[in-house]
Visitor: 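Please read through the structure below; I'll follow up with questions.
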Amino acid sequence: MCGRFVITAPEEAIAEWFDAEIRVGFEGSRFNIAPSQMIPVVVEYEGTRLLSEMRWGFIPHWYKTPNDGPFLINARGETAHEKPSFRTAFAKRRCIIPASGFYEWHEKKGVGKEPYFIHASSGDPMGFAGLWQVWTHPTTQDRWVTVAIVTTQASAQISDIHHREPVTLQKNEFDPWLRGTPADARQVINAADEGYFMFHRVDRAVNSARHDSEELMAPLIG
């Protein structure tokens, strides 16, 4: 599961990290990105990586309205290649979602859900595997470019917080994911190596998407 994430690096640094040209940029850091919002993505078009943006929340082509079925913010990496909602996108429309970290919630008995901020221990940007889809409204013909984050079984390091984690691609996995065959892409659907992540508990203020400030990432004291 990945339901909120953070991006703090400027667009120029993100473009450089992913060796992408800026097609649609973004301004300023975002500390509590939520589903249904526009998010930066890296796609490949005619051999060139482009930094663009899409709406977070994959809408299958058969939906008559955006609310016709489940709100698909994540795609299970183990089965996305065969599920009707995602299999065409898995074969033809893969992307990378830049991030600086993400939030996950741990259910603690007697306390409720406690949020954690998880990020790369190196401090480098991260790239989540993604699947995208163009959805066209059958009446208005409005077109939405929508995307889901691919997840997998969490590593031992993360599993005490949550049983799923986003598929976080390393630099040598960008090409297999973006331009490889579906078989190539399936090979990079793995949990991060042990020690890749660092994490700490944060304030429950992150639960509300109305809150968007750097303080959300700060370690909770006490």
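Note that the structure is a prediction, hence the values are computed from the model and not measured.
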Visitor: Does some side-chain heavy atom of C2 sit less than 4.5 Å from a side-chain heavy atom of E165?
Guide: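 SC-SC contact between E165 and C2 ruled out.
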Visitor: Are F197 and F102 close enough that some pair of their side-chain heavy atoms sits under 4.5 Å apart?
Guide: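 When only atoms from C-beta onward are counted, F102 and F197 do touch, with a gap below 4.5 Å.
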Visitor: Check whether E194 reaches the backbone of Q157 with its side chain - one donor and one acceptor, N or O, closer than 3.5 Å.
Guide: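 Looks like yes, one N/O pair under 3.5 Å.
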Visitor: Would you say the side chain of Q133 lies within less than 4.5 Å of the side chain of F58, judging by non-hydrogen atoms?
Guide: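 Yes. Closest side-chain heavy atoms under 4.5 Å.
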Visitor: Give a yes or no on whether R23 atom CZ has more than 12 heavy-atom contacts from other residues, nucleotides or ligands under 6.0 Å away.
Guide: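 It does not: R23 CZ has 12 such atoms or fewer within range.
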Visitor: Give the ring-plane orientation class for F5 versus F128, where under 30° counts as parallel, over 60° as perpendicular and anything between as tilted.
Guide: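 If you compare the ring of F5 with that of F128, the planes turn out perpendicular.
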Visitor: For the residue pair K92 and W132, would you count it as a cation-pi contact if the rule is NZ or CZ under 6.0 angstrom from the ring centre and within 45 degrees of the ring axis?
Guide: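 Negative - K92 is either too far from the ring of W132 or too far off its axis.
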Visitor: Counting N and O atoms only, with roles assigned by atom type, does the side chain of R94 sit under 3.5 Å from a partner on the main chain of G180, one being a donor and the other an acceptor?
Guide: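 Checked: pair present.
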Visitor: Report whether I39 and F71 are members of the same hydrophobic cluster (ILVMFWY, side-chain heavy atoms less than 4.5 Å apart, transitive linking).
Guide: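 Yes, it is one cluster - the side chains of I39 and F71 are joined through contacts under 4.5 Å.
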Visitor: In terms of hydrophobic clusters joined by side-chain contacts under 4.5 Å, are M198 and I7 together?
Guide: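 M198 does not cluster with I7.
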Visitor: Hey, does the side chain of R4 reach the backbone of N207 with a donor-acceptor pair shorter than 3.5 angstrom?
Guide: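 Between the backbone of N207 and the side chain of R4 there is a qualifying donor-acceptor contact (under 3.5 Å).
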Visitor: Using the salt bridge (Lys or Arg N to Asp or Glu O under 4.0 Å) criterion, which residues pair with D175? Sequence neighbours excluded.
Guide: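 For D175, the residues satisfying salt bridge (Lys or Arg N to Asp or Glu O under 4.0 Å) (neighbours in sequence not counted) are R49, R179.
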Visitor: Treat each ILVMFWY residue as a node, draw an edge where side-chain heavy atoms are under 4.5 Å apart, and state whether M38 and F26 are in one component.
Guide: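 Result: no, two separate clusters.
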Visitor: Check for me, please, whether I33 and V24 land in the same ILVMFWY cluster - side-chain distances under 4.5 Å, paths through other members count.
Guide: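 Not linked; separate clusters.
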Visitor: Taking atom CZ of R30 as the centre, does the number of heavy atoms from other residues, nucleotides or ligands within less than 6.0 Å exceed 12?
Guide: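 Yes, CZ of R30 has more than 12 neighbouring heavy atoms, counting only those of other groups under 6.0 Å.
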Visitor: Run the salt bridge (Lys or Arg N to Asp or Glu O under 4.0 Å) test against E114 and tell me which residues pass, sequence neighbours left out.
Guide: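 Counting only residues at least two positions away or on another chain, E114 forms a salt bridge (Lys or Arg N to Asp or Glu O under 4.0 Å) with R201.
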Visitor: Remaining members of L216's ILVMFWY cluster at a side-chain heavy-atom cut-off under 4.5 Å?
Guide: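 Its cluster partners, ordered by chain and number, are V6, F31, Y103, W105, F117, V202, V206, M217.
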Visitor: Check the surroundings of atom CD in E214: do more than 12 heavy atoms from other residues, nucleotides or ligands lie under 6.0 Å from it?
Guide: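 At most 12 heavy atoms, drawn from other residues, nucleotides or ligands, come within 6.0 Å of this atom.
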Visitor: Quick check on side chain to side chain donor-acceptor pair (under 3.5 Å): which of N74, T152, T151 does R164 satisfy it with?
Guide: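 Output: one option passes, namely T151.
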